[in-house]
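Quick notes on the structure that follows.
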2 protein chains.
Amino acid sequence: MSISRREEVLHAAAELFAEQGFHAVGMRAIADAVGVRGSSLYHYFPSKVDLLHAIAVDSTRAFIESQLEDLNPSPDYASRVRKMMFDHVVYFHEHRMEEAVGLRELQELRKHKPEAYTELQTLRRTYQNELERLITEGRDKGEFSCEDPHITTLAILGMVNTINDWYRPHRDGPIEDIADIYSSLIVERMLGKTA
Amino acid sequence: MSISRREEVLHAAAELFAEQGFHAVGMRAIADAVGVRGSSLYHYFPSKVDLLHAIAVDSTRAFIESQLEDLNPSPDYASRVRKMMFDHVVYFHEHRMEEAVGLRELQELRKHKPEAYTELQTLRRTYQNELERLITEGRDKGEFSCEDPHITTLAILGMVNTINDWYRPHRDGPIEDIADIYSSLIVERMLGKTA
DNA sequence: TTCGAAATCTAACGAACGTTCGACCGACTC
DNA sequence: GAGTCGGTCGAACGTTCGTTAGATTTCGAA
């Protein structure tokens, strides 16, 4: 039994889309990757765009929910931001294929599935707002010396979302080490955590 | 006479590639954008991939050269890094179409024009090395308190290269203001400029 | 005014694309 | 053993793709 064929298709398509881009991958190539004929894919997804939709929305929602569910524990903002960023880096590496698709093929959904596009934008905005809120409140409480929480939030997200562009496990060591360095860079330096 | 038709094609193709991606744009669509038939494009470029090649290599080389030519003037490293980052942000905004193509369609060149791909990688690496060198030497001279110049360099480049993903002039104000905020964030905070 | 090259055109090629359709096959129920 | 149904198949559809070939136009130089 293992995993269902539908999930097998989703994973293979995510991998191919991430490597070559949505338009560079044909339905027959996806089908080949799971050992099936092209027409069989239409038993699980009504169209190629719906396949992209499933990959992007599912993976983005999974990320946001896994990240926002346990924010409460720590009392101080510095620890909360640090944990959030550490988990972000690790999660993005473990799910790098799906997340790459969610980041790169947005305009394709915007064209052919506007409601899926706005849903993704809303999800992403929710996460961004949460990070910006933590930074702003942490600064108001005197934990951070950050000057512009909004721009700083965007800068941070740009940093962590591009790690997958250069990170190679064999060359750069465990992803947890990178996550540690980035977390410190963010909390102690960019946010100016008041010792 | 104005600009030559060849450059007109390059600019139109860069815009379309940036908006929709290499594979989503057909030769006929590029031709339409300049008011010409599809087959006429082959008078200037032998293939679609060569068109991409020209856009990516030309724009990347233009950026690197414009950035590396006047690094000498200032004596202290902090000012040099600050100017380099400020110019980087402004340049990336002014040439955002071409630079987006250079960043996003790398694997397409890798597939069909390996030598162009390695050329781009070398150019980019040159720039990255120069930034890392400034940071390392600045730290050795006691100007910075930065701990890991290599990772910090990658984090910085990830930050500045993703500004175009969210920046909208009407909503976010002059690009020079953003460039100022980012430059300060980089030099004073991430590199820990010793006041 | 004539000539030749540069630039653009029309028309078509074979291939690949996303998608549809109807048949088939195996496993399950009655 | 007959019937049902989810899953897969082969084959084809209309379209678009990148590209080519050859005719035609444009236009400055001789």
Side-chain angles (χ1 to χ4, degrees), chain A residues 1-56 101 104-114 116-117, chain B residues 1-56 101 104-114 116-117:
Chain A
M1 50 150 234
S2 68
I3 59 175
S4 78
R5 175 128 287 178
R6 186 175 188 275
E7 309 232 2
E8 209 179 341
V9 172
L10 276 174
H11 187 260
E15 200 151 336
L16 290 168
F17 287 165
E19 282 168 3
Q20 326 191 37
F22 177 71
H23 273 104
V25 179
M27 291 299 266
R28 288 165 180 89
I30 301 170
D32 279 354
V34 296
V36 146
R37 301 296 177 182
S39 53
S40 301
L41 300 181
Y42 289 85
H43 181 69
Y44 303 99
F45 304 96
S47 80
K48 192 188 179 190
V49 172
D50 284 280
L51 184 45
L52 174 62
H53 176 177
I55 295 170
V101 175
R104 283 184 51 198
E105 313 289 355
L106 266 183
Q107 83 289 347
E108 210 52 48
L109 280 183
R110 176 174 212 170
K111 226 180 187 174
H112 298 95
K113 282 250 179 180
Y117 173 75
Chain B
M1 51 150 247
S2 70
I3 59 175
S4 78
R5 174 129 288 177
R6 186 173 187 276
E7 310 231 3
E8 208 178 343
V9 172
L10 277 175
H11 187 259
E15 199 152 336
L16 289 168
F17 288 165
E19 283 169 1
Q20 324 189 39
F22 178 72
H23 273 104
V25 179
M27 292 297 265
R28 289 164 180 90
I30 301 170
D32 280 355
V34 296
V36 145
R37 300 295 178 183
S39 56
S40 301
L41 300 180
Y42 290 84
H43 181 70
Y44 302 99
F45 304 95
S47 80
K48 191 188 177 189
V49 173
D50 284 281
L51 184 44
L52 174 62
H53 177 176
I55 295 172
V101 175
R104 284 184 50 198
E105 314 288 356
L106 266 183
Q107 82 289 348
E108 211 52 50
L109 280 183
R110 175 173 213 171
K111 225 179 188 177
H112 297 94
K113 282 247 177 181
Y117 172 76

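Hydrogens, waters and symmetry mates play no part in the numbers below; they use all other heavy atoms, side chains included. Keep in mind it's a predicted model, so treat the numbers as computed, not measured. All chains are named by letter (A, B, ...) in the order of the sequence lines, taking the proteins before the strands, and each is independently numbered beginning at 1.
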**OP:** Determine: side-chain N/O of B:Arg37 to OP1/OP2 of C:dT10, distance under 4.0 Å, yes or no.
**Re:** yes
Original post:
Could you state the NZ-C1' distance from A:Lys48 to C:dC17, rounded to the nearest angstrom?
Top reply: 8 Å
Original post:
Nearest to the side chain of A:Ser39, which nucleotide is it out of D:dG18, D:dC9, D:dT20?
Top reply: D:dC9
Subject >> Below 4.0 Å: OP1/OP2 of D:dT8 and any side-chain N or O of A:Arg5 >> reply: yes
**OP:** Please state whether the base of C:dT19 and the side chain of A:Ser47 form at least one donor-acceptor pair under 3.5 Å?
**Re:** no
Original post:
Would B:Lys48 count as a cation-pi partner of B:Tyr42, with NZ or CZ less than 6.0 Å from the six-membered ring centre and within 45° of the ring normal?
Top reply: no
Original post:
CG of A:Leu52 versus P of C:dT19: gap in Å, rounded?
Top reply: 12 Å
**OP:** Check every strand shown and say whether B:Val34 touches a base, only sugar-phosphate, or nothing at a heavy-atom separation below 4.0 Å.
**Re:** nothing
Original post:
Rounded to whole angstroms, how far apart are CE on B:Met27 and C1' on C:dC9?
Top reply: 16 Å
Original post:
When we call it a touch if two heavy atoms are under 4.0 Å apart, what does A:Val25 touch: a base, just sugar-phosphate, or nothing?
Top reply: sugar-phosphate
Original post:
Looking at B:Asp32 and B:Arg37, does any basic side-chain N land under 4.0 Å from a carboxylate oxygen?
Top reply: no
Original post:
Over how many whole Å does the gap from B:Tyr42 atom OH to D:dT20 atom P extend?
Top reply: 7 Å
Original post:
Touch check for A:Phe45, heavy atoms < 4.0 angstrom, all strands: base, sugar-phosphate only, or nothing?
Top reply: nothing
Original post:
Expressed in angstrom and rounded to an integer, what is the separation of A:Tyr44 atom OH from D:dC9 atom C1'?
Top reply: 13 Å
**OP:** Using a strict cut-off of less than 4.0 Å between a Lys/Arg side-chain nitrogen and an Asp/Glu carboxylate oxygen, indicate whether A:Glu8 and A:Arg5 qualify as a salt bridge.
**Re:** yes
Original post:
Which heavy atom in A:Tyr117 sits nearest to a heavy atom in A:Leu106, and how many Å separate them?
Top reply: CD1-O, 3.6 Å
Subject >> Rounded distance (Å) that lies between atom C1' of C:dC17 and atom CD1 of A:Ile30 >> reply: 12 Å
Original post:
Given side chains that start at C-beta, do those of B:Phe22 and B:Val101 come closer than 4.5 Å, heavy atoms only?
Top reply: no
Subject >> Along DNA chain D (nearest heavy atom to each residue), the more 5'-positioned of A:Arg28 and A:Gly38 >> reply: A:Gly38
Subject >> A:Ser40 side-chain N/O to D:dC9 phosphate OP1/OP2 under 4.0 Å >> reply: yes
Original post:
So, is B:His43 close to the C:dA7 phosphate, meaning a side-chain N or O under 4.0 Å from OP1 or OP2?
Top reply: yes
Original post:
Between B:Gln20 (CD) and D:dT16 (P), how many Å, whole number?
Top reply: 15 Å
Original post:
Taking atom C1' of C:dC9 as reference, at what distance in whole Å does atom CG of B:Asp32 sit?
Top reply: 14 Å
